[in-house]
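Here's the structure we're looking at; comments come further down.
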Amino acid sequence: MKTLKGPGIFLAQFVANEEPYNTLENIGKWVKSLGFKGVQLPTNDQQYFDLQKAAESKTYADEIKGKLGEIGLEITELSTHLQGQLIAVHPAYDQLFDGFAPAEVRNNPKARTEWATQQLIYAAKASANLGLNAHATFSGALLWHMVYPWPQRPSGVVELGFKELANRWVPILNEFDKHGVDLCYEIHPGEDLHDGVSYERFLEAADNHPRACLLYDPSHLLLQGMDYLSYIDHYHERIKMFHVKDAEFNPTGKQGMYGGYSSWLDRAGRFRSLGDGQVDFKGIFSKLAAYDFDGWAVMEWECALKNSVDGATEGAEFIKKHIIKVTDRAFDDFAASGADDHFNKEILGIK
(Lines give C-alpha, C1' and ligand atoms only; values in the text may rest on other atoms or scores of the structure.)
Protein backbone atom coordinates (compact mmCIF):
# COMPACT_ATOMS: atom_id res chain seq x y z
CA MET A 1 0.00 0.00 0.00
CA LYS A 2 1.00 3.61 -0.51
CA THR A 3 0.52 6.71 1.61
CA LEU A 4 -1.34 9.51 -0.16
CA LYS A 5 0.59 12.71 -0.74
CA GLY A 6 -0.72 15.93 0.71
CA PRO A 7 -2.22 18.15 1.71
CA GLY A 8 -2.47 19.94 -1.63
CA ILE A 9 -4.68 22.83 -2.71
CA PHE A 10 -6.25 23.81 -6.03
CA LEU A 11 -5.48 27.51 -6.47
CA ALA A 12 -8.26 28.40 -8.91
CA GLN A 13 -10.70 29.62 -6.27
CA PHE A 14 -8.10 31.78 -4.52
CA VAL A 15 -6.40 33.82 -7.24
CA ALA A 16 -7.16 37.53 -6.97
CA ASN A 17 -5.63 40.95 -7.61
CA GLU A 18 -4.79 41.73 -3.99
CA GLU A 19 -2.03 40.29 -1.84
CA PRO A 20 -1.29 37.57 -0.95
CA TYR A 21 -3.22 36.11 -3.88
CA ASN A 22 -1.89 38.25 -6.74
CA THR A 23 1.21 36.29 -7.82
CA LEU A 24 2.23 32.66 -7.81
CA GLU A 25 5.04 33.38 -5.37
CA ASN A 26 2.81 35.31 -2.96
CA ILE A 27 -0.04 32.82 -3.00
CA GLY A 28 2.48 30.01 -2.68
CA LYS A 29 3.91 31.50 0.51
CA TRP A 30 0.40 31.94 1.86
CA VAL A 31 -0.71 28.34 1.29
CA LYS A 32 2.60 27.05 2.63
CA SER A 33 1.97 29.02 5.84
CA LEU A 34 -1.34 27.20 6.20
CA GLY A 35 0.33 23.79 6.05
CA PHE A 36 -0.14 22.81 2.40
CA LYS A 37 2.65 20.89 0.68
CA GLY A 38 1.43 20.98 -2.92
CA VAL A 39 -0.40 23.28 -5.33
CA GLN A 40 -2.57 22.36 -8.29
CA LEU A 41 -2.17 25.12 -10.87
CA PRO A 42 -4.92 26.54 -13.09
CA THR A 43 -3.56 27.42 -16.52
CA ASN A 44 -5.97 30.07 -17.77
CA ASP A 45 -4.18 33.11 -16.28
CA GLN A 46 -0.69 33.96 -17.52
CA GLN A 47 -0.15 36.17 -14.48
CA TYR A 48 0.38 32.97 -12.51
CA PHE A 49 1.45 30.43 -15.08
CA ASP A 50 2.12 30.64 -18.83
CA LEU A 51 0.95 27.31 -20.24
CA GLN A 52 2.37 27.75 -23.73
CA LYS A 53 5.72 28.89 -22.38
CA ALA A 54 5.88 25.90 -20.03
CA ALA A 55 5.23 23.62 -23.00
CA GLU A 56 7.83 25.23 -25.24
CA SER A 57 10.52 26.01 -22.66
CA LYS A 58 11.88 23.44 -20.23
CA THR A 59 13.85 26.29 -18.70
CA TYR A 60 10.66 28.19 -17.83
CA ALA A 61 9.08 25.01 -16.43
CA ASP A 62 12.14 24.42 -14.26
CA GLU A 63 12.02 28.05 -13.07
CA ILE A 64 8.38 27.70 -11.96
CA LYS A 65 9.10 24.39 -10.29
CA GLY A 66 12.18 25.83 -8.61
CA LYS A 67 10.40 28.97 -7.41
CA LEU A 68 7.74 26.88 -5.69
CA GLY A 69 10.35 24.44 -4.44
CA GLU A 70 12.18 27.25 -2.65
CA ILE A 71 8.94 27.99 -0.80
CA GLY A 72 8.61 24.31 0.09
CA LEU A 73 5.85 23.39 -2.35
CA GLU A 74 5.46 20.82 -5.10
CA ILE A 75 3.24 21.15 -8.15
CA THR A 76 0.66 18.37 -7.87
CA GLU A 77 -0.90 18.74 -11.32
CA LEU A 78 -1.95 21.34 -13.88
CA SER A 79 -5.60 22.06 -14.65
CA THR A 80 -7.29 22.95 -17.95
CA HIS A 81 -10.87 22.77 -16.70
CA LEU A 82 -11.95 25.90 -18.57
CA GLN A 83 -10.13 25.03 -21.78
CA GLY A 84 -11.33 21.41 -21.71
CA GLN A 85 -14.91 22.62 -21.41
CA LEU A 86 -14.48 24.30 -24.80
CA ILE A 87 -13.56 21.10 -26.62
CA ALA A 88 -17.30 20.40 -26.88
CA VAL A 89 -19.94 23.12 -26.48
CA HIS A 90 -23.56 22.83 -27.54
CA PRO A 91 -24.67 25.94 -29.48
CA ALA A 92 -27.18 26.83 -26.74
CA TYR A 93 -24.20 27.60 -24.47
CA ASP A 94 -21.98 29.42 -26.98
CA GLN A 95 -22.33 32.89 -25.54
CA LEU A 96 -21.92 31.73 -21.95
CA PHE A 97 -18.76 29.75 -22.63
CA ASP A 98 -17.20 32.34 -24.92
CA GLY A 99 -16.01 34.06 -21.75
CA PHE A 100 -13.58 31.17 -21.19
CA ALA A 101 -11.82 31.90 -24.49
CA PRO A 102 -9.64 34.77 -25.72
CA ALA A 103 -11.40 37.60 -27.58
CA GLU A 104 -10.02 36.61 -30.98
CA VAL A 105 -11.93 33.30 -31.08
CA ARG A 106 -15.22 34.38 -29.55
CA ASN A 107 -18.35 34.13 -31.70
CA ASN A 108 -16.48 31.50 -33.72
CA PRO A 109 -17.13 28.00 -32.31
CA LYS A 110 -14.76 26.26 -34.74
CA ALA A 111 -11.87 28.58 -33.92
CA ARG A 112 -12.67 28.32 -30.22
CA THR A 113 -12.49 24.52 -30.31
CA GLU A 114 -9.21 24.65 -32.22
CA TRP A 115 -7.79 27.04 -29.63
CA ALA A 116 -8.93 24.78 -26.77
CA THR A 117 -7.43 21.72 -28.47
CA GLN A 118 -4.09 23.49 -28.76
CA GLN A 119 -4.29 24.45 -25.08
CA LEU A 120 -4.66 20.77 -24.14
CA ILE A 121 -1.73 19.85 -26.36
CA TYR A 122 0.34 22.48 -24.59
CA ALA A 123 -0.82 21.02 -21.27
CA ALA A 124 0.49 17.57 -22.17
CA LYS A 125 3.96 18.88 -22.97
CA ALA A 126 4.00 21.32 -20.05
CA SER A 127 3.07 18.53 -17.64
CA ALA A 128 5.93 16.43 -18.97
CA ASN A 129 8.36 19.35 -18.67
CA LEU A 130 7.32 19.74 -15.03
CA GLY A 131 7.74 16.02 -14.32
CA LEU A 132 4.01 15.49 -13.70
CA ASN A 133 2.14 12.29 -14.56
CA ALA A 134 -1.51 13.42 -14.35
CA HIS A 135 -3.56 16.36 -15.60
CA ALA A 136 -7.05 17.67 -14.72
CA THR A 137 -9.75 18.79 -17.17
CA PHE A 138 -13.44 18.75 -18.11
CA SER A 139 -14.87 16.79 -21.04
CA GLY A 140 -17.23 19.45 -22.37
CA ALA A 141 -20.78 18.60 -23.36
CA LEU A 142 -22.79 18.08 -26.53
CA LEU A 143 -25.63 16.15 -24.87
CA TRP A 144 -26.18 17.76 -21.48
CA HIS A 145 -29.38 19.52 -22.59
CA MET A 146 -30.79 16.02 -23.19
CA VAL A 147 -29.87 14.56 -19.81
CA TYR A 148 -33.53 14.44 -18.71
CA PRO A 149 -35.27 13.41 -21.92
CA TRP A 150 -38.41 15.33 -22.71
CA PRO A 151 -39.29 15.14 -25.47
CA GLN A 152 -37.74 11.75 -25.85
CA ARG A 153 -34.27 11.64 -27.35
CA PRO A 154 -34.11 10.63 -31.03
CA SER A 155 -32.78 7.14 -31.55
CA GLY A 156 -28.99 7.12 -31.98
CA VAL A 157 -28.37 10.68 -30.80
CA VAL A 158 -26.55 9.62 -27.62
CA GLU A 159 -24.28 7.26 -29.53
CA LEU A 160 -23.55 9.97 -32.09
CA GLY A 161 -22.81 12.51 -29.36
CA PHE A 162 -20.27 10.26 -27.66
CA LYS A 163 -18.73 9.29 -30.98
CA GLU A 164 -18.18 12.97 -31.78
CA LEU A 165 -16.86 13.66 -28.27
CA ALA A 166 -14.37 10.82 -28.63
CA ASN A 167 -13.33 12.04 -32.08
CA ARG A 168 -12.39 15.38 -30.55
CA TRP A 169 -10.60 13.93 -27.53
CA VAL A 170 -8.71 10.91 -28.91
CA PRO A 171 -6.03 12.99 -30.70
CA ILE A 172 -5.53 14.91 -27.46
CA LEU A 173 -5.37 11.68 -25.46
CA ASN A 174 -2.76 10.41 -27.92
CA GLU A 175 -0.70 13.52 -27.27
CA PHE A 176 -0.87 12.91 -23.52
CA ASP A 177 0.12 9.31 -24.09
CA LYS A 178 3.14 10.44 -26.09
CA HIS A 179 4.30 12.44 -23.08
CA GLY A 180 3.47 9.79 -20.48
CA VAL A 181 0.71 11.79 -18.74
CA ASP A 182 -2.76 10.61 -17.70
CA LEU A 183 -5.61 12.93 -18.71
CA CYS A 184 -8.09 12.97 -15.83
CA TYR A 185 -11.68 14.02 -16.45
CA GLU A 186 -13.46 15.52 -13.49
CA ILE A 187 -16.84 13.78 -13.46
CA HIS A 188 -19.22 16.70 -13.09
CA PRO A 189 -22.87 17.58 -13.82
CA GLY A 190 -22.99 19.85 -16.85
CA GLU A 191 -20.37 17.70 -18.60
CA ASP A 192 -21.18 14.74 -20.80
CA LEU A 193 -18.95 12.73 -18.46
CA HIS A 194 -21.00 13.20 -15.29
CA ASP A 195 -21.26 9.71 -13.75
CA GLY A 196 -19.94 6.19 -14.18
CA VAL A 197 -22.29 5.17 -17.00
CA SER A 198 -21.51 8.26 -19.08
CA TYR A 199 -17.78 7.77 -18.48
CA GLU A 200 -18.07 4.16 -19.69
CA ARG A 201 -19.92 5.36 -22.81
CA PHE A 202 -17.02 7.67 -23.54
CA LEU A 203 -14.44 4.93 -22.91
CA GLU A 204 -16.24 2.64 -25.34
CA ALA A 205 -16.31 5.36 -28.00
CA ALA A 206 -12.61 6.10 -27.37
CA ASP A 207 -11.56 2.42 -27.63
CA ASN A 208 -10.80 2.30 -23.90
CA HIS A 209 -7.93 4.72 -24.33
CA PRO A 210 -5.41 4.05 -21.53
CA ARG A 211 -4.94 7.76 -20.83
CA ALA A 212 -8.66 8.53 -20.42
CA CYS A 213 -8.57 8.56 -16.63
CA LEU A 214 -10.52 10.08 -13.76
CA LEU A 215 -10.33 12.91 -11.26
CA TYR A 216 -12.28 11.64 -8.27
CA ASP A 217 -14.39 14.33 -6.55
CA PRO A 218 -16.99 12.83 -4.20
CA SER A 219 -18.99 16.06 -3.86
CA HIS A 220 -20.36 15.79 -7.40
CA LEU A 221 -21.34 12.17 -6.84
CA LEU A 222 -23.05 12.81 -3.50
CA LEU A 223 -25.16 15.59 -5.04
CA GLN A 224 -26.39 13.09 -7.66
CA GLY A 225 -27.37 10.55 -5.02
CA MET A 226 -24.60 8.16 -6.09
CA ASP A 227 -22.67 5.68 -3.96
CA TYR A 228 -19.35 7.50 -4.08
CA LEU A 229 -17.56 4.79 -2.08
CA SER A 230 -18.44 1.88 -4.37
CA TYR A 231 -17.54 4.19 -7.28
CA ILE A 232 -13.94 3.77 -6.12
CA ASP A 233 -14.35 -0.02 -6.24
CA HIS A 234 -15.53 0.23 -9.85
CA TYR A 235 -12.98 2.73 -11.16
CA HIS A 236 -9.94 2.67 -8.87
CA GLU A 237 -7.68 1.58 -11.71
CA ARG A 238 -8.61 4.74 -13.64
CA ILE A 239 -8.61 7.17 -10.70
CA LYS A 240 -5.36 9.14 -10.93
CA MET A 241 -6.37 12.39 -9.19
CA PHE A 242 -8.36 13.28 -6.09
CA HIS A 243 -10.19 16.50 -5.19
CA VAL A 244 -11.03 16.61 -1.50
CA LYS A 245 -14.30 18.54 -1.58
CA ASP A 246 -17.31 18.32 0.72
CA ALA A 247 -21.03 18.70 0.01
CA GLU A 248 -24.43 18.17 1.56
CA PHE A 249 -27.75 17.07 0.07
CA ASN A 250 -30.87 17.85 2.09
CA PRO A 251 -33.95 17.38 -0.13
CA THR A 252 -37.25 18.81 1.03
CA GLY A 253 -40.88 18.68 -0.03
CA LYS A 254 -40.14 21.62 -2.32
CA GLN A 255 -36.85 20.77 -4.04
CA GLY A 256 -34.37 18.01 -4.78
CA MET A 257 -31.18 17.61 -6.80
CA TYR A 258 -32.22 20.08 -9.54
CA GLY A 259 -32.59 22.90 -7.03
CA GLY A 260 -35.48 24.88 -8.55
CA TYR A 261 -33.09 27.47 -10.07
CA SER A 262 -32.17 28.53 -6.52
CA SER A 263 -28.87 30.14 -5.55
CA TRP A 264 -26.22 27.88 -4.06
CA LEU A 265 -27.19 29.01 -0.58
CA ASP A 266 -30.81 27.95 -1.06
CA ARG A 267 -30.29 24.71 -2.94
CA ALA A 268 -31.02 21.30 -1.41
CA GLY A 269 -27.61 20.23 -2.62
CA ARG A 270 -24.68 22.56 -2.02
CA PHE A 271 -20.91 22.48 -1.63
CA ARG A 272 -19.45 22.94 1.85
CA SER A 273 -16.04 23.47 3.40
CA LEU A 274 -14.21 20.34 4.47
CA GLY A 275 -15.83 18.74 7.50
CA ASP A 276 -19.02 20.79 7.25
CA GLY A 277 -20.79 18.50 4.77
CA GLN A 278 -21.86 14.88 4.56
CA VAL A 279 -19.05 13.17 2.65
CA ASP A 280 -17.51 10.16 4.42
CA PHE A 281 -13.86 11.06 3.99
CA LYS A 282 -12.66 8.37 6.41
CA GLY A 283 -14.17 5.80 4.08
CA ILE A 284 -12.71 7.47 0.99
CA PHE A 285 -9.16 7.80 2.34
CA SER A 286 -9.30 4.19 3.54
CA LYS A 287 -10.39 2.89 0.14
CA LEU A 288 -7.82 4.93 -1.77
CA ALA A 289 -5.06 3.70 0.54
CA ALA A 290 -6.20 0.10 0.15
CA TYR A 291 -6.20 0.45 -3.64
CA ASP A 292 -2.68 1.93 -3.69
CA PHE A 293 -3.74 5.34 -4.99
CA ASP A 294 -0.44 6.96 -5.91
CA GLY A 295 -1.39 10.62 -5.99
CA TRP A 296 -2.20 13.78 -4.11
CA ALA A 297 -5.10 14.65 -1.84
CA VAL A 298 -5.89 18.14 -3.16
CA MET A 299 -8.44 20.41 -1.52
CA GLU A 300 -10.84 22.17 -3.86
CA TRP A 301 -12.59 24.81 -1.81
CA GLU A 302 -16.15 25.79 -2.67
CA CYS A 303 -18.66 26.64 0.04
CA ALA A 304 -22.04 28.38 0.13
CA LEU A 305 -21.47 29.63 3.69
CA LYS A 306 -17.89 29.80 4.94
CA ASN A 307 -15.25 32.29 3.75
CA SER A 308 -12.35 31.00 1.69
CA VAL A 309 -9.56 31.84 4.17
CA ASP A 310 -11.16 29.84 6.95
CA GLY A 311 -11.98 27.09 4.48
CA ALA A 312 -8.36 26.83 3.38
CA THR A 313 -6.96 27.09 6.90
CA GLU A 314 -9.21 24.32 8.20
CA GLY A 315 -8.82 22.29 5.01
CA ALA A 316 -5.07 21.80 5.32
CA GLU A 317 -5.41 20.31 8.78
CA PHE A 318 -8.47 18.27 7.76
CA ILE A 319 -6.58 16.55 4.95
CA LYS A 320 -3.51 16.04 7.09
CA LYS A 321 -5.59 14.24 9.71
CA HIS A 322 -7.29 12.03 7.12
CA ILE A 323 -4.19 10.87 5.25
CA ILE A 324 -3.45 7.34 6.39
CA LYS A 325 0.21 6.54 6.84
CA VAL A 326 -0.05 2.96 5.65
CA THR A 327 1.39 0.10 7.62
CA ASP A 328 4.51 -1.78 6.51
CA ARG A 329 3.51 -4.98 8.29
CA ALA A 330 0.42 -6.91 9.35
CA PHE A 331 -0.88 -6.02 12.82
CA ASP A 332 -0.81 -9.68 13.90
CA ASP A 333 2.76 -10.41 12.77
CA PHE A 334 3.72 -10.85 16.44
CA ALA A 335 1.74 -14.09 16.46
CA ALA A 336 3.27 -15.53 13.29
CA SER A 337 4.31 -19.18 13.60
CA GLY A 338 7.04 -19.12 11.01
CA ALA A 339 5.45 -22.13 9.32
CA ASP A 340 6.76 -23.81 6.17
CA ASP A 341 5.11 -26.08 3.62
CA HIS A 342 5.80 -29.23 5.62
CA PHE A 343 4.28 -27.70 8.76
CA ASN A 344 1.24 -26.48 6.83
CA LYS A 345 0.58 -30.01 5.56
CA GLU A 346 0.86 -31.36 9.07
CA ILE A 347 -1.69 -28.98 10.57
CA LEU A 348 -4.10 -29.75 7.69
CA GLY A 349 -3.64 -33.48 8.05
CA ILE A 350 -2.25 -33.84 4.54
CA LYS A 351 0.03 -36.87 4.11
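The minimum heavy-atom distance linking A134 with M241 is given by the pair CB-CG, 3.8 Å. The minimum heavy-atom distance linking A166 with A206 is given by the pair CB-N, 3.9 Å. Residues V309 and T313 share a closest heavy-atom pair of O-OG1, 2.7 Å. Taking all atoms of both residues into account, the shortest heavy-atom contact from P251 to A268 is CA-CB, 3.9 Å. Nearest heavy-atom pair, I319 versus G8, reported as atom, atom and distance to 0.1 Å: CD1-O, 4.0 Å. Minimum interatomic distance between A101 and L86 (heavy atoms only, all atoms of both residues): CB-CD1, 3.8 Å.
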Exercise. Step by step, work out the ring-ring contact (aromatic ring centres under 6.0 Å, His included) result for F100 and F97.
Key: CA-CA 6 Å; F100 291 176; F97 283 131; 5.4 Å; yes

Quiz item: Could you walk me through whether W301 and I9 pass the side chain to side chain contact (heavy atoms under 4.5 Å, CB included) check?
Solution: CA-CA 8 Å; W301 176 87; I9 183 171; over 6 Å; no

Exercise. Give the C-alpha distance, both sets of side-chain angles, the deciding distance and a yes or no for side chain to side chain contact (heavy atoms under 4.5 Å, CB included) between D192 and F202.
Key: CA-CA 9 Å; D192 279 343; F202 177 75; over 6 Å; no

Practice problem: For side-chain hydrogen bond (donor to acceptor under 3.5 Å, both in side chains), just list the numbers for N250 and Q278, CA-CA rounded to whole Å, side-chain angles, deciding distance to a tenth of an Å, and then say yes or no. | Solution: CA-CA 10 Å; N250 298 305; Q278 299 167 345; 2.9 Å; yes

Exercise. Show your working on side chain to side chain contact (heavy atoms under 4.5 Å, CB included) between R238 and N208 and close with a plain yes or no.
Key: CA-CA 11 Å; R238 291 274 185 170; N208 289 302; 4.1 Å; yes

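Put simply, CD on E317 and CG on L274 are 12.0 Å apart, with the number rounded to the nearest 0.5 Å. Summarising the geometry, atom NZ belonging to K287 is positioned 14.0 Å from atom OH belonging to Y231; distances are rounded to the nearest 0.5 Å. In this structure, L78 CG and T43 OG1 are separated by 6.5 Å, a value rounded to the nearest 0.5 Å. We find the CG-CD distance between L193 and E200 to be 10.5 Å, quoted to the nearest 0.5 Å.
Between the side chain of D207 and the backbone N or O of H209 there is no donor-acceptor pair closer than 3.5 Å. Judged purely by atom type and a 3.5 angstrom limit, R270 has no side-chain atom pairing as donor or acceptor with the backbone of W264. Checked by atom type and distance alone, the side chain of D182 never pairs as donor or acceptor with a backbone atom of C184 at under 3.5 Å.
We find that K67 and E63 are not joined by a salt bridge, their nearest charged nitrogen and carboxylate oxygen being 4.0 Å or further apart. Using a 4.0 Å cut-off between a side-chain N of Lys or Arg and a carboxylate O of Asp or Glu, D177 and R211 qualify as a salt bridge. The residues E302 and K245 are annotated as salt-bridged, a charged nitrogen and a carboxylate oxygen being separated by less than 4.0 angstrom. Using a cut-off of 4.0 Å between Lys/Arg side-chain N and Asp/Glu carboxylate O, K178 and E175 are scored as salt-bridged. One finds a salt bridge joining K306 and E314 here, because a Lys/Arg side-chain nitrogen approaches an Asp/Glu carboxylate oxygen to under 4.0 Å. No salt bridge links E159 with K163; every basic N to acidic carboxylate O contact stays at or beyond 4.0 Å.
In this pair, H90 and Y93 present their aromatic rings perpendicular. The plane angle is above 60°, beyond the 30 to 60° band. Ring geometry, F271 versus H220: the interplanar angle exceeds 60°, so the pair is classed perpendicular (tilted spans 30 to 60°). Classified by interplanar angle (parallel below 30°, tilted 30° to 60°, perpendicular above 60°), the ring pair H194/W144 is perpendicular. Ring pair H135/F176 is tilted by interplanar angle, where 30° to 60° counts as tilted.
Checking S139 against W169 by side-chain atom types alone, no donor-acceptor pair falls below 3.5 Å. Between the side chains of S263 and D266, at least one donor N or O sits under 3.5 Å from an acceptor N or O. Looking at T80 and T137, their side chains do bring a donor and an acceptor atom within 3.5 Å of each other. Side-chain contact annotation: T23 with Q47, donor-acceptor N/O pair under 3.5 Å absent. Counting only N and O atoms by type, the side chains of E77 and Q40 include a donor and acceptor under 3.5 Å apart. Side-chain polar atoms of N129 and H179 form no donor-acceptor pair below 3.5 angstrom. A donor-acceptor contact closer than 3.5 angstrom links the side chains of S198 and D195. Using a 3.5 Å distance cut-off with no hydrogens or angles, the side chains of E191 and Y199 do not pair a donor with an acceptor. For the 3.5 Å distance criterion, the side chains of E114 and Q118 fail to qualify, holding no donor opposite an acceptor. Between the side chains of D341 and N344, no donor N or O sits under 3.5 Å from an acceptor N or O.
The cationic group of K2 does not satisfy the cation-pi geometry with F293, failing either the under 6.0 Å distance to the six-membered ring centre or the 45° limit from the ring axis.
Around atom CD of E104, more than 12 heavy atoms belonging to other residues, nucleotides or ligands sit under 6.0 Å away. Residue-environment remark: CG (D292) exceeds the threshold of 12 foreign heavy atoms within 6.0 Å. Environment of CD in E18: crowded, with over 12 heavy atoms of neighbouring residues, nucleotides or ligands closer than 6.0 Å. More than 12 heavy atoms of other residues, nucleotides or ligands lie within 6.0 Å of NZ in K32, so this atom counts as buried by the packing criterion. Around the NZ atom of K29, the shell of radius 6.0 Å holds no more than 12 heavy atoms that belong to other residues, nucleotides or ligands.
Residues F10 and V39 form no side-chain contact, since every pair of their non-hydrogen atoms from C-beta on lies 4.5 Å or further apart. Using a 4.5 Å heavy-atom threshold, the side chains of D294 and K240 count as separate. Counting heavy atoms from C-beta on, the side chains of N26 and Y21 never come closer than 4.5 Å. Under the 4.5 Å side-chain criterion, counting only non-hydrogen atoms from C-beta, V181 is not in contact with N133. You'll find the side chain of S79 stays beyond 4.5 Å of the side chain of F49, heavy atoms only. Between D98 and V89, the closest side-chain pair of non-hydrogen atoms is not below 4.5 Å. Contact annotation: the side chain of T3 never approaches that of I324 to less than 4.5 Å [non-hydrogen atoms, C-beta and beyond]. Taking 4.5 Å as the limit, every side-chain heavy atom of S219 sits out of range of all side-chain heavy atoms of L222.
With hydrophobic clusters built from ILVMFWY side chains whose heavy atoms lie under 4.5 angstrom apart, F138 does not share a cluster with L96. By the rule that hydrophobic residues join a cluster once side-chain heavy atoms approach within less than 4.5 Å of another member, I323 and V31 end up as members of one cluster. A single hydrophobic cluster is seen to contain both L24 and I71, as judged by linkage of ILVMFWY side chains at heavy-atom distances under 4.5 Å, directly or through other members. Taken together through direct or relayed side-chain contacts under 4.5 Å among Ile, Leu, Val, Met, Phe, Trp and Tyr, L215 and I75 form parts of separate hydrophobic clusters.
Looking at Y291, F285, W296 one by one, the single match for ring-ring contact (aromatic ring centres under 6.0 Å, His included) with F242 turns out to be F285. Here the rule is side chain to side chain contact (heavy atoms under 4.5 Å, CB included) with R112, and of I87, T117, V105 only V105 fits it.
Ring to ring, Y235 and Y216 are not that close: their centroids are 6.0 angstrom or more apart. Taking the six-membered ring wherever Trp is involved, the centroid distance between the rings of W30 and F14 falls below 6.0 Å.
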